Number of protein chains: 2
Amino acid sequence: MDTPLIAGREWLIEATGCSASALRDPETLKSVFDSIIEDLGLKTIGAPIWHKFPGEGGVTGLVALTESHLACHTYPEHNLATFNLYCCKDRPEWDWKDKLASRIGASDVNVTRVSRGIESKPEAHCDENELEFQMTVAGGDA
Amino acid sequence: MDTPLIAGREWLIEATGCSASALRDPETLKSVFDSIIEDLGLKTIGAPIWHKFPGEGGVTGLVALTESHLACHTYPEHNLATFNLYCCKDRPEWDWKDKLASRIGASDVNVTRVSRGIESKPEAHCDENELEFQMTVAGGDA
């Protein structure tokens, strides 16, 4: 077995019990992105993509980073927001639970860490509120 | 237990053994995105983000979809590409293995499906080449 090849880490976030009005407000979600980017020392590439779906619909946000990308999708009808943060460089944990509680009213936040592009056996570590899941790559170096 | 709340499905793809030159070519990767979008009947929102890192560096691509988003990051130095396809609406499987073999020379492709925003107990189904992982959300409807 070669040394694990880790191309990056991705955090998959499910935030429930959120304020529906916050989930329909692109400015609120942009400010969440700004905090994540500032707190973790990330660098954006080009202009982000922000889209508000019509009427009672939610918001999609996508930002390319020199460290990979940040995305969110909101579902006001379910008081749900999901986030993806993919970093190809090591970064500390962001305090998703407290920050999303204060910024978008999340009552519960589930964080899953995924290691991308590694060579190792599949492994999943689960506890009550946080799951770690390592993806496997069986291939070689062509 | 309430009925599971499924906000979408995400496919996380690791493709190894790829052609380094394909992984440095935005046009090749754009054509892969075009095929995914066309084959699965997806609709793009606004302009995609494409970034080629300098010199021997890889490519980042991000496209917002009415169904959520599609992303790729390539690592030519490791002959590795990763993709994320997040769909908030049900879509068939794309043939990642054969398509990425023919388009970017991938010798091995690992596909992980993740259900986003569901209310249920954690569950992971693993087999040799394909992993399914359901994320859990413990929160309620505030």
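On a predicted model such as this, the values are computed, not experimentally measured, just so you know.
The nearest pair of heavy atoms linking A/Thr60 to B/Ala64 is CG2-CB, 4.4 Å. Listed here is the closest heavy atom pair of A/Leu62 and B/Ile49: O-CD1, 4.3 Å. Among all heavy-atom pairs drawn from B/Tyr75 and A/Cys88, the shortest one is OH-CB, 3.9 Å. Across every non-hydrogen atom of A/Phe53 and B/Ile45, the tightest pair is CZ-CD1, 3.8 Å.
A/Ile13 CD1 to B/Arg116 CZ: the interatomic distance, rounded to the nearest 0.5 Å, is 8.0 Å.
Proximity of B/His73 to A/His69: side-chain heavy atoms (C-beta onward) are separated by under 4.5 Å at one or more points. Under the 4.5 Å side-chain criterion, counting only non-hydrogen atoms from C-beta, B/Asn84 is in contact with A/Glu10.
At a heavy-atom cut-off of under 4.5 Å, chain B is reached by no residue from residues 19-30 of chain A.
Residue contact with chain B, scored on non-hydrogen atoms closer than 4.5 Å, is absent for A/Ala106.
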